[in-house]
Amino acid sequence: MESTPHDAAPDDEFLAAIIARRHESEQAMAAAHSPMNDLYDRHARSLLAFLAARVERAYVHDLHQDVWMRVWRHLPERFHGGKFRAWLFEIARNALIDHARKRRAEPLAGEETLPDPRDDRPDARMIEQERMAILTRCLDGLDAVSAALVRARLGGEDYASICGRLGLKPERAHKLFHQAKDRLKQCVERAQS
Amino acid sequence: MKLYAPDIPDDPAELPGWLERHLTGLDLAALVSELEAVHGPGPEGAATLDRVLGDRRGEVLDRGLAALPPDRLRHLLRRPRLLLELQDLVLSSGGDHWRRAGAPSPDLDAWVALGRMRLEGFLADEGRGLSRREVLPSSRPLAWYRRPAVVGLATAASVLTAVILYERVRPRGASMIASAPAGWGWSNPGALPQGLPPAAYLDRLADAAEAWFQERPDDALALARRIGEFRQGCSVLILAEHRALAAEDRAWLVERCRAWAARFDAHLAAVEAGRDPGTVRAEADATVRALIEALRARTRDLA
């Protein structure tokens with residue numbers, strides 16, 4: 001077990017080692033709680049951001065809890081040193097795979113004919129289909145110059161390059177882009193109402 | 001539906017920070033989908049993340065996206081799915097820079113707080129020795145969500161979630177609802193009767209679910225509240241003992257309730273996302289009809 005400097009916060013691997021020894025005694029079990037909370041405090045935000053990009057929001061919270069339960073359950077026999085954070089995210093990836101498999105394997109009794117509000121394909125969960133469809137339609141409603149300007153700006157191209165390419169003056173390009181932004185936002189709101 | 005991509009900063013120097021806030025926040029999926037709507041998925045054989053990062057991979061992990069030249073940042077925007085791979089990399093392997101890169105987020109704070117409460121409840125049960133059998137290698141631990149401290153905390157967490165969600169949708173100036181939702185549907189004290197045969201018990205649950213149709217909310221706030229109240233009824237079913245049922249039927253009911261609860265979470269998310277309340281209510285109506293039918297069908301099987 002790695003020792004730590006007297007006045008430095010213990011690293012993740014030190015905390016994980018304490019948790020891994022929790023079966024040795026009741027005192028060891030009690031001593032494992034604080035390190036577990038510390039690891040949670042250090043990594044929960046990152047883990048939630050990771051999960052939120054890959055599943056519907058309705059599932060994020062339960063999946064997040066599932067990951068920490070797996071950490072607690074499997075740390076003693078499956079964490080063999082190395083970086084705890086990398087191991088934590090490996091657990092999260094496996095939990096996502098299990099979640100996707102479970103969703104595909106569980107048609108609900110008497111509810112198969114319902115249009116499911118959540119798409120079943122993992123990549124479609126990541127890429128929000130409805131958002132894409134609405135925005136695509138709204139982009140198609142822009143005039144050619146505005147559409148080209150939006151594509152260029154959202155591709156990271158700077159105004160100097162865009163103006164040179166499209167033959168626009170900088171002030172005009174700025175104004176057109178911000179007008180296009182407003183039209184897109186209004187179009188999206190109308191599509192949803 | 002809020003758009004994120006059009007808020008790309010005008011100043012190229014601000015682009016790395018803007019992307020980093022999305023990589024560490026809750027809306028990366030939305031940004032990726034918007035960028036893909038603009039640029040498409042990209043041609044076959046497009047560059048991989050390794051090729052885009054190239055010799056700057058270590059610097060990106062240590063110092064963030066400011067280490068990438070502008071042309072490579074542009075490549076990430078035009079191949080937006082690479083942003084998901086990049087997020088995985090920097091969150092799992094990035095240095096302290098990435099821990100500090102996130103913008104303030106009340107939603108993320110609420111989720112972190114709720115998760116911590118549940119974890120503490122679970123660990124408290126561990127400390128009281130309620131899962132001593134987990135200490136023995138051959139024993140199966142009691143499912144965490146059935147432990148008494150977690151049952152109580154889960155109910156409190158549901159109320160807290162309902163309050164937090166209500167706070168997000170309530171109009172300014174409205175008084176905060178601090179009390180638990182009204183007891184109707186499965187939250188009604190008489191909804192889970194004791195001493196009935198299994199078929200009659202499930203039939204009563206179906207009857208209780210019919211209460212959904214007794215109020216027809218028209219606006220987003222009222223609908224969100226109604227959905228939240230019904231959803232809390234799902235928690236009641238998930239956490240109840242259902243002594244009238246055999247183990248197999250109990251397991252079936254809990255599994256279905258978790259699935260129905262997830263549907264109601266999705267309906268609530270739809271209301272909050274600004275979708276038409278009438279449309280969402282119709283979708284929720286269909287969910288309730290389907291679950292009532294599932295309960296009645298199980299009743300017929302048991303009769």
Side-chain angles (χ1 to χ4, degrees), chain A residues 23 26 29-30 33 36-37 40-41 44-50 52-54 56-61 64-65 68-69 73 83 85-86 88-89 106 108-111 114 117-118 126-129 131-132 134-136 139 150-151 153-159 174 181 184-185 188-189 192-193, chain B residues 1 3 5-6 8 10 12 15 24-26 28-30 32-39 70 73-74 77-78 84 87-88 91-93 99 102 108 111-112 114-116 118-120 123 126-127 129 135 144 256 259 262-263 265-267 269-270 274-276 283 286-287 290-291 293-294 297:
Chain A
H23 295 308
E26 287 188 32
M29 176 69 81
H33 295 176
M36 186 68 184
N37 283 323
Y40 178 90
D41 289 341
R45 291 182 79 89
S46 295
L47 190 53
L48 281 164
F50 176 78
R54 286 156 179 80
E56 293 267 344
R57 290 234 173 165
Y59 295 104
V60 171
H61 194 58
H64 184 233
Q65 297 307 302
W68 287 105
M69 286 305 305
R73 190 166 296 132
K83 285 294 180 186
R85 185 159 45 119
L88 172 67
F89 274 78
E106 282 185 350
L108 303 178
E111 297 166 55
L114 271 181
R118 305 165 302 268
M126 287 191 291
I127 309 296
E128 300 177 18
Q129 297 294 325
R131 180 179 293 266
M132 281 180 68
I134 290 174
L135 187 55
T136 299
L139 282 166
V150 167
R151 289 197 165 84
R153 287 288 299 117
L154 268 54
E157 197 173 348
D158 58 51
Y159 277 105
H174 273 272
K181 259 175 60 170
L184 284 174
K185 290 179 181 177
V188 164
E189 284 171 14
Q192 289 201 290
S193 61
Chain B
M1 183 174 83
L3 292 181
I8 190 167
D10 286 341
L15 182 57
T24 54
L26 292 176
L28 181 64
V32 168
S33 68
E34 290 172 23
L35 291 173
E36 192 155 286
V38 172
H39 301 300
L73 276 178
R74 288 196 293 271
L77 292 173
R78 292 169 188 166
L84 292 167
Q87 184 200 47
D88 189 332
L91 292 185
S92 63
S93 307
R99 297 188 194 204
L108 195 43
W111 280 2
V112 171
L114 213 51
R116 199 175 201 288
R118 286 188 173 185
L119 181 64
E120 287 177 350
L123 294 178
E126 296 280 290
V135 177
W144 69 269
R256 288 288 90 90
R263 284 188 179 271
D265 289 339
H267 294 317
R275 286 188 61 204
D276 170 56
E283 291 170 356
T287 299
L291 68 86
E293 176 51 34

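All figures in this text were calculated on a predicted structure; none of them were measured in a lab. Chain A is the first sequence line, chain B the second, and so forth, proteins listed ahead of strands; every chain is numbered from 1.
In plain terms, the two heavy atoms of A:S46 and B:L91 that are nearest each other are O-CD1, 3.4 Å. Listed here is the closest heavy atom pair of A:A53 and B:Q87: CB-OE1, 3.6 Å.
Contacts of A:L139 with chain B are made by side-chain atoms alone, with heavy-atom separations under 4.5 Å and no backbone atom involved. Contacts between B:L73 and chain A at a heavy-atom distance below 4.5 Å are absent for every atom of the residue. The part of A:I134 that comes within reach of chain B is its side chain, from C-beta onward, which places non-hydrogen atoms under 4.5 angstrom from that chain.
Remark: B:R74 engages no residue in a side-chain hydrogen bond (donor to acceptor under 3.5 Å, both in side chains) (not counting sequence neighbours). Among residues two or more places apart in sequence or in another chain, the ring pair (Phe, Tyr, Trp, His ring centres under 6.0 Å) test is passed with A:F89 by A:F50.
The line from OH of A:Y40 to CG of B:L123 is 11.5 Å long, rounded to the nearest 0.5 Å. Annotation: the span from B:S93 atom OG to A:K83 atom NZ amounts to 10.0 Å, rounded to 0.5 Å. To the nearest 0.5 angstrom, A:E157 atom CD is 11.0 Å from B:I8 atom CD1.
With contacts defined as side-chain heavy-atom distances shorter than 4.5 Å, the pair A:R153/B:D10 qualifies. Between B:E34 and A:M132, every side-chain heavy-atom pair lies at or beyond the 4.5 Å cut-off.
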- Message: side chain to side chain contact (heavy atoms under 4.5 Å, CB included), that's the test. Do B:R78 and A:L154 meet it? Break it down for me.
- Response: CA-CA 8 Å; B:R78 292 169 188 166; A:L154 268 54; over 6 Å; no
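Under the 3.5 Å distance criterion, the side-chain polar atoms of A:H61 are left unmatched by any main-chain donor or acceptor of B:L114. Judged by distance alone, the side chain of A:Q129 and the main-chain N or O of B:S33 form no donor-acceptor pair under 3.5 Å. Remark: the backbone N or O of B:L84 is paired with a side-chain donor or acceptor of A:R54 at under 3.5 angstrom. Of the possible polar contacts, none joining the A:R45 side chain to the B:G25 backbone as a donor-acceptor pair under 3.5 Å is found. Judged by distance alone, with hydrogens and angles left aside, the side-chain atoms of B:R118 form no donor-acceptor pair with the main-chain N or O of A:Q65 at under 3.5 Å.
Ranked by heavy-atom pairs shorter than 4.5 Å toward chain B, the options A:V150, A:L88, A:D158, A:V60 are led by A:V60. Ranked by heavy-atom pairs shorter than 4.5 Å toward chain A, the options B:T24, B:L15, B:L77 are led by B:L77. When the candidates A:G156, A:A86, A:G155 are compared by the number of heavy-atom contacts under 4.5 Å with chain B, A:G155 comes out ahead.
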